[in-house]
Participant: 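Take this structure first; my questions come after.
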Amino acid sequence: MTTGEERLRQTYRALGLLIKQVEVAFIKRKADLRAFQGTREDYRETASEYEAWKSRTVHFTNCARERRGELEPRIRLLNEARVIDEMRSALRTLAQAVADHRDGIRNSSRVETTADRMLWVQLDLLPRTSVCRSTGSAGTASRER
């Protein structure tokens with residue numbers, strides 16, 4: 001993962017945590033206002049301060065949500081790319097195991113079974129680049145057949 005990708009993920013997570021903290025602050029400030037004990041004049045002043053804070057905070061939260069929303073498609077693409085890379089790696093490992101199995105059978109006195117040949121046909125159907133890129137020998141083993 002590149003530094004830019006790490007920064008993107010970190011920014012996305014930080015914005016999410018920040019939004020949650022603001023939501024908690026809203027709950028606390030509103031509860032404090034409801035539980036206010038004092039004169040009517042003090043309450044009006046406190047409520048006015050709360051409304052000013054609320055106005056600034058809502059604007060800030062909306063900006064943070066908007067920015068996080070802009071990052072979401074990029075994060076989704078990064079996650080999809082990671083899953084694709086993991087699947088490609090698993091497929092290469094499996095293809096290598098199948099090629100090694102084929103080489104082992106052909107180099108021994110064991111007779112090929114129908115299941116063996118069916119498995120090898122599946123290996124041959126894989127695009128060469130998807131197998132050859134990291135393992136090399138799986139692609140060449142499938143060509144030797």
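Basis for what follows: all heavy atoms, side chains included, without hydrogens, waters or symmetry-related copies.
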Participant: Whether Arg82 and Glu86 form a salt bridge (side-chain N of Lys/Arg under 4.0 Å from carboxylate O of Asp/Glu) is what I want to check.
Facilitator: yes
Participant: Following the transitive rule for hydrophobic clusters with a side-chain heavy-atom cut-off under 4.5 Å over Ile, Leu, Val, Met, Phe, Trp and Tyr, establish whether Ile19 and Val58 coincide in one cluster.
Facilitator: no
Participant: Test salt bridge (Lys or Arg N to Asp or Glu O under 4.0 Å) on Glu49 and Arg56 and set out the steps.
Facilitator: CA-CA 11 Å; Glu49 289 171 4; Arg56 290 188 312 269; over 6 Å; no
Participant: When rounded to the nearest 0.5 angstrom, what distance separates NE2 in His101 from CG in Leu94?
Facilitator: 11.5 Å
Participant: Less than 3.5 Å apart, any donor N or O on the side chain of Glu66 or Asn62 sitting next to an acceptor on the other?
Facilitator: no
Participant: Any salt bridge between Arg9 and Glu6, counting N to O under 4.0 Å?
Facilitator: no
Participant: Using a strict 4.0 Å threshold on nitrogen-to-oxygen distance, state whether Glu51 and Lys30 make a salt bridge.
Facilitator: no
Participant: Are side-chain heavy atoms of Ile75 and Glu72 found at a separation under 4.5 Å?
Facilitator: no
Participant: Is the CZ atom of Arg110 crowded by more than 12 outside heavy atoms at less than 6.0 Å?
Facilitator: yes
Participant: Would you check if the side chain of Ser108 reaches a backbone N or O of Ile105 as a donor-acceptor pair within less than 3.5 Å?
Facilitator: yes
Participant: Starting from the C-alpha separation in whole Å, work towards a yes-or-no answer on salt bridge (Lys or Arg N to Asp or Glu O under 4.0 Å) for Glu23 and Lys20.
Facilitator: CA-CA 5 Å; Glu23 290 169 353; Lys20 287 179 183 177; over 6 Å; no
Participant: Using a strict cut-off of less than 4.0 Å between a Lys/Arg side-chain nitrogen and an Asp/Glu carboxylate oxygen, indicate whether Asp103 and Arg106 qualify as a salt bridge.
Facilitator: no
Participant: Without swapping roles, check the side chain of Ser89 against the backbone of Asp85 for a donor-acceptor pair under 3.5 Å.
Facilitator: no
Participant: Decide whether Leu15 and Phe60 are clustered together by the hydrophobic rule: side chain heavy atoms of Ile, Leu, Val, Met, Phe, Trp, Tyr closer than 4.5 Å, transitively.
Facilitator: no
Participant: Any side-chain heavy-atom pair from Lys28 and Asp32 closer than 4.5 angstrom?
Facilitator: yes
Participant: Arg102 and Glu112: salt bridge (Lys or Arg N to Asp or Glu O under 4.0 Å), yes or no, with the steps?
Facilitator: CA-CA 9 Å; Arg102 176 175 31 202; Glu112 299 174 1; over 6 Å; no
Participant: For residues 3-27, which residue pairs pass the ring-ring contact (aromatic ring centres under 6.0 Å, His included) check, not counting sequence neighbours?
Facilitator: Phe26-Trp53
Participant: Whether Glu70 and Arg67 form a salt bridge (side-chain N of Lys/Arg under 4.0 Å from carboxylate O of Asp/Glu) is what I want to check.
Facilitator: yes
Participant: Provide the closest heavy-atom pair for Leu8 versus Leu78 in the form atom of the first, atom of the second, distance.
Facilitator: CD2-CD1, 3.6 Å
